[in-house]
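Computed from heavy atoms alone, side chains included, the values below leave out hydrogens, waters and symmetry copies. To find a chain, count down the sequence lines: A is the first, B the second, and so on, and within it residues start at 1. These numbers were taken from a predicted model, which means no experiment stands behind them.
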Amino acid sequence: MLDLKLIRKNPDQVKAQLSRRDASLAEKIDQISEIDKEHRLAIQEKQELETQRNQLSKLVGQKKGKGEDAEAEMQELAEIKSKLQAIADKEPELYDKQIAILETIPNIPAADIPEGADEESNQEVLKWGEPKEFSFTAREHDELGKELGIFDFERGVKIAKSRFTLVRNQGAKLERAVINFFLDQASNHGYQEVLPPILVNSNCLYGTGQLPKFAEDIFKVEDEDLYLIPTAEVPLTNIYREEILTADDLPQYICAYTPNFRSEAGSASKDTRGIIRQHQFNKIELVKLCRPEDSTEEHEKLTKDAEALLQALELPYRKMLLCTGDMGFGAHKCYDLEVWFPGQAKYREISSCSNFIDFQARRAQIRFKRDSKSKAELLHTINGSGLAVGRTIAAILENYQQEDGSVAIPKVLQPYMDETVLRSGILTQA
RNA sequence: GGAGAGAUGGCUGAGUGGCUGAAAGCGGUUUCCUGCUAAGAAAUUGACUGGGGUUUAACCUGGUCCGAGGGUUCGAAUCCCUCUCUCUCCGCCA
């Protein structure tokens, strides 16, 4: 959520910055400014009446205490009360109206990101590793995984529904190995590991910006104010919701492995094959809470932490700086890491690292004090995947495939596995 | 799931209709004193927000907040209703 005071003070600047994302947003700022004026007048009027009420009520109390008559005052109060009633109803309505619009406005994009409507305008800032030349035709991960007996698509559908996959045997072990490897690396980079609830309440989703605007993307528990998390960003960022931290608490580096659940509404025909786009997928999430002046640097560092994983796995990737139109709702600046898929002959997203500046912190009221005398300030939040596990498995299959259909296991993962190669017919357990 | 108790400021904890934004203690901050691995004295001490003021300070002046949301009342932390959470006991359970 944007700062209402900033809009009040500098509407033209806010409009100009938001227009880089979407020209129609300027209109919303105007609407907010207009309601804001009306709202503040209502507040003033209400408070004046409340002052009168408080003073008179006090007088009534004093008179009654002395056994005097207070009829005149009480009559006056009755009048004030009826006036107050009307304004007291109107004032919060105006506020709600204002907030309702404000909630739908995305974050202001950073000045140094390219302007554009969609991924066409994203800027490649780095390409790492050379896509491997194969002496045979590289195949896609779903075909390899099926043949290896590690992806059971049919039974995943039987157990749940489409876009759910049963991962078996060496695949399940590889998934666990990748999770452990990622978590160990995160620890090495100074992140505190947590295991959060994967059901969260609506306050959390509001805090990180998924609600109210993106409700259709999330699975909800029936008759409860609980939702399956779409990303561990939600519980992790909300750890300190509505709290005031001290400067010594910052920065906080937090990581977690969780399954994630997305309804994928509106992506019916996208990536129907394979495990790229599932309703349930595993991910290690990296989250940072830091001082405002540190967020730019911390964001760069967090992105590099995610990149280091791809480098350790020796998976070629490119780093994309997202343009204004392709960024997520709450993001101020965002890098996507895209890993090379030889079977598909494409780079595909495997991590998204965003700096939200104070956007989430304002919604979730996460603040800190520089010292015991200073005022509480909003801190900055940053998060990124480090990394999506399912897509990592898919990328390993495609990049490490061999002509006979077996798949070599990346060196850094071998200490986490019993085997050095995935081969069909190997059952790790009877 | 059943029964009971409770939810007050950074913490402990008073407070059953007006003088309580909240006693007292602890903690924090500032100043003073003492010249010493310490102690003492005084002052100060929440969040959000409107208006004025100002160097985006200080400051002045209102309003709201005693788990959350409603209600009663001239007036509520205090009474009523709903919800949430915590604790104890019982049941169930990995």
Check RNA chain B for consecutive Watson-Crick or G-U pairs with both distances under 3.5 Å and list the runs of at least three as stems. B:1-7 with B:84-90, B:10-12 with B:24-26, B:27-32 with B:40-45, B:46-52 with B:59-65, B:67-71 with B:79-83

Taking OP1 and OP2 of [N], is either one under 4.0 Å from a side-chain nitrogen or oxygen of [X]?
{"X": "Arg367(A)", "N": "A47(B)", "value": "no"}
{"X": "Arg40(A)", "N": "G62(B)", "value": "no"}
{"X": "Asn54(A)", "N": "U64(B)", "value": "yes"}
{"X": "Lys369(A)", "N": "U29(B)", "value": "no"}

Could you work out the separation of G9(B) and A14(B) based on their P atoms and round it to a whole Å? 13 Å

Say you pick atom C1' in A68(B) and the same atom in C59(B); how far apart are they, in whole Å?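 That atom pair is separated by 35 Å.
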
Is a side-chain donor or acceptor of [X] paired with a backbone partner of [Y] at a separation under 3.5 angstrom?
{"X": "Lys220(A)", "Y": "Glu224(A)", "answer": "yes"}
{"X": "Thr258(A)", "Y": "Ile198(A)", "answer": "no"}
{"X": "Glu398(A)", "Y": "His141(A)", "answer": "yes"}

Touch class at under 4.0 angstrom, heavy-atom based, for Arg8(A) against every strand present: sugar-phosphate

Using a 6.0 Å distance limit plus a 45 degree cone around the ring axis, check whether Arg262(A) lies over the aromatic ring of Phe281(A).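 Relative to the ring axis of Phe281(A), which defines the angle, Arg262(A) lies outside at least one limit.
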
Less than 6.0 angstrom from the centroid, inside 45 degrees of the normal: does Lys288(A) satisfy that with respect to the ring of Tyr253(A)? yes

Would Ile409(A) and Tyr400(A) count as a side chain to side chain contact (heavy atoms under 4.5 Å, CB included) here? Give the steps. CA-CA 7 Å; Ile409(A) 290 171; Tyr400(A) 282 84; over 6 Å; no

Which nucleotides of nucleotides 66-79 of chain B have their base under 4.0 Å from a protein heavy atom (B), which only their sugar-phosphate (S), and which neither (-), written as one string 5' to 3'? --------BS----

Electrostatic pair Asp305(A)-Lys301(A), nearest N-O below 4.0 angstrom: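 Answer for the salt bridge query: no.
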
Classify the ring geometry of His39(A) against Tyr95(A): parallel below 30°, tilted from 30° to 60°, perpendicular beyond 60°. tilted

Atom-to-atom span, NE2 of His39(A) to P of U49(B) - whole angstrom: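 Computing the His39(A):NE2 to U49(B):P distance gives 12 Å.
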
Out of Glu300(A), His332(A), Lys333(A), His380(A), which residue meets the side chain to side chain donor-acceptor pair (under 3.5 Å) rule with Ser295(A)?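 Testing Ser295(A) for a side chain to side chain donor-acceptor pair (under 3.5 Å) against Glu300(A), His332(A), Lys333(A), His380(A) leaves exactly one candidate, His380(A).
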
